[in-house]
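Keep in mind the model is a prediction, meaning the values are calculated, not measured.
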Amino acid sequence: MARILPRAFAVWLGGWLGRMYARLRLPRTGIARAQMAASFPDWDSRAVRACVVATFGQFGRGLVETLRLLGGETEDPRRWVELEGLEHLESAKRSSPRGGGIILLTAHFGSWELFAAATARAGHTVSIVHRPNRNPFLETLILSWRERAGLDVLQRGRAGRAVLQALRKGHIVVMPLDQDTRRKEGVFVPFFGRPACTRPTPAQLAMRLQVPVVPAFIYRE
């Protein structure tokens, strides 16, 4: 359905299904409500619920956009994405001592697969640090799409040397940094007033190799 329906309607339907999923309090929505309430202690239950519903709506729209990409959508993703601040990217590449290699710091925020595709289509060589999916079917599907989109995939856990090589080749190495990690692999930093464990790798690489770090995100207008 995501691929067959007209694009605008399919994306709208994905948002509606996501909101309904949250309203029906299906799996994972309880965790979302608890985390939202802890992150915004001044909010009442109605505000928390409304934000969770909107969040799942956004996830539903992004999921449809990802499914269309996985299905081989032929239209240039830049038709749907307006890239702003490319001058900062170019400036960082010029200042990099590693042949133009930079670290692009992002998160699973907005329609991140669409973001990666649009950046690659803009003429940049993009390497993504990839966290393997537990579902082997989804893992094969996502890897095949990312490779078709011209993205260089670096498997997390074995990416150290590959990241160094990509930076030396002048690639943009995309690192999402919003997921919890194991204590022995991470450092604790304050996040919405609470300690959260995250990976220090981007900062360590930037200091060791003196490569610039550029934060970038996609958000829906």
(message) Ring-plane angle category for Trp112 and Phe59, please: parallel below 30°, perpendicular beyond 60°, tilted otherwise.
(response) tilted
One should read off an interatomic distance between Arg98 CZ and Arg168 CZ, to the nearest 0.5 angstrom, of 5.0 Å
Exercise. Does some side-chain heavy atom of Arg7 sit less than 4.5 Å from a side-chain heavy atom of Val11?
Worked result: yes
Heavy-atom closest pair (Ile103 atom, Pro202 atom, distance to 0.1 Å) is CD1-O, 3.7 Å
Salt bridge (Lys or Arg N to Asp or Glu O under 4.0 Å) filter on Arg78, not counting sequence neighbours, yields Asp76
- request: Establish whether Phe109 and Ile172 are linked, either directly or via other cluster members, by ILVMFWY side-chain heavy-atom contacts under 4.5 Å.
  value: no
For Met207, the other hydrophobic cluster members (4.5 Å side-chain criterion, sorted by chain and number) are none
Applying side chain to side chain contact (heavy atoms under 4.5 Å, CB included), run through Val173 and Val129 and close with a yes or a no. CA-CA 7 Å; Val173 177; Val129 177; 4.1 Å; yes
- Message: Quick one, Val126 with Leu151, criterion side chain to side chain contact (heavy atoms under 4.5 Å, CB included). Give me CA distance, side-chain angles, the key distance, then yes/no.
- Response: CA-CA 5 Å; Val126 178; Leu151 304 172; 3.8 Å; yes
Pro200 and Gly186 have their tightest heavy-atom pair at CD-CA, 4.0 Å
- Within a radius of less than 6.0 Å around CZ of Phe217, do more than 12 heavy atoms belonging to other residues, nucleotides or ligands occur? yes
One should read off an interatomic distance between Arg161 CZ and Leu154 CG, to the nearest 0.5 angstrom, of 13.5 Å
For residues 42-56, the side chain to side chain donor-acceptor pair (under 3.5 Å) pairs (sequence neighbours left out) are none
Rounded to the nearest 0.5 angstrom, the CG-CZ distance for Leu63 and Arg68 is 12.5 Å
Here the side chain to side chain donor-acceptor pair (under 3.5 Å) pairs for residues 203-220, sequence neighbours left out, are Gln58-Arg220, Glu65-Arg220
Strictly distance-based, threshold 3.5 Å: is any side-chain N or O of Ser96 a donor or acceptor partner for the main-chain N or O of Gly101?
yes
Enumerate, atom names and distances included, each donor-acceptor pair closer than 3.5 Å involving a side-chain atom of residues 24-40, sequence neighbours excluded.
unit_1: Thr29; atom_1: OG1; unit_2: Leu26; atom_2: N; d: 3.4
unit_1: Thr29; atom_1: OG1; unit_2: Leu26; atom_2: O; d: 2.5
unit_1: Gln35; atom_1: OE1; unit_2: Arg194; atom_2: NH1; d: 3.3
unit_1: Gln35; atom_1: OE1; unit_2: Arg194; atom_2: NH2; d: 2.9
unit_1: Ser39; atom_1: OG; unit_2: Gln35; atom_2: O; d: 2.8
unit_1: Ser39; atom_1: OG; unit_2: Arg194; atom_2: NH2; d: 3.3

Query raised in the report: Is the closest side-chain heavy-atom distance between Leu143 and Glu139 below 4.5 Å?
Result: yes
Cluster membership besides Met20, Ile/Leu/Val/Met/Phe/Trp/Tyr side chains within less than 4.5 angstrom, sorted by chain and number, is Met1, Leu5, Phe9, Trp12, Leu13, Trp16, Leu17
Contact check, side chains of Leu205 and Val163, non-hydrogen atoms, under 4.5 Å
yes
Separation between CZ (Arg182) and NZ (Lys184), nearest 0.5 Å, reads 5.0 Å
d(Asp178 CG, Thr198 OG1) to nearest 0.5 Å is 8.0 Å
Arg94 meets the salt bridge (Lys or Arg N to Asp or Glu O under 4.0 Å) criterion, sequence neighbours left out, with none
**Q.** Intermediate values then yes/no, side chain to side chain contact (heavy atoms under 4.5 Å, CB included), Thr125 and Asp152
**A.** CA-CA 8 Å; Thr125 305; Asp152 180 31; 5.8 Å; no
Does Val153 share a hydrophobic cluster with Leu104, counting links as ILVMFWY side-chain heavy atoms below 4.5 Å and allowing steps through other members? no
| Are Val81 and Val64 in one and the same hydrophobic cluster, where Ile, Leu, Val, Met, Phe, Trp and Tyr link if side-chain heavy atoms are under 4.5 Å apart? | no
Heavy-atom closest pair (Ala92 atom, Pro212 atom, distance to 0.1 Å) is O-CG, 3.3 Å
side-chain hydrogen bond (donor to acceptor under 3.5 Å, both in side chains) filter on Asn133, not counting sequence neighbours, yields none
Between Phe115 and Ala216 the two heavy atoms that sit nearest each other are CZ-CB, 3.7 Å
Check: Checking side chain to side chain contact (heavy atoms under 4.5 Å, CB included) for the pair Ile102/Val213: CA distance, chi angles, key distance, verdict?
Finding: CA-CA 6 Å; Ile102 65 171; Val213 177; over 6 Å; no
Kindly list each side-chain donor-acceptor pair under 3.5 angstrom involving residues 82-91, sequence neighbours excluded, with atom names and distances?
none

Evaluate the side-chain proximity of Leu105 to Val174: yes if any heavy-atom separation is below 4.5 Å, no if none is.
no
Handout entry: Same cluster (ILVMFWY, side-chain, under 4.5 Å), Phe56 and Val48
Key = yes
Besides Val189, the hydrophobic cluster formed by Ile, Leu, Val, Met, Phe, Trp and Tyr side chains linked at under 4.5 Å, directly or via other members, contains Val187
**Asked** If you measure only the distance, is there a donor-acceptor pair under 3.5 Å linking the side chains of Thr119 and His124?
**Response** no
The side-chain hydrogen bond (donor to acceptor under 3.5 Å, both in side chains) partners of Arg79 (sequence neighbours excluded) come to Glu75
Heavy-atom nearest pair, Ser127 first then His171, reads OG-ND1, 2.9 Å
So CD1 of Ile218 and OG1 of Thr106: to nearest 0.5 Å the spacing works out to 9.0 Å
Salt bridge (Lys or Arg N to Asp or Glu O under 4.0 Å) pairs touching residues 106-117, sequence neighbours excluded, are Glu113-Arg146
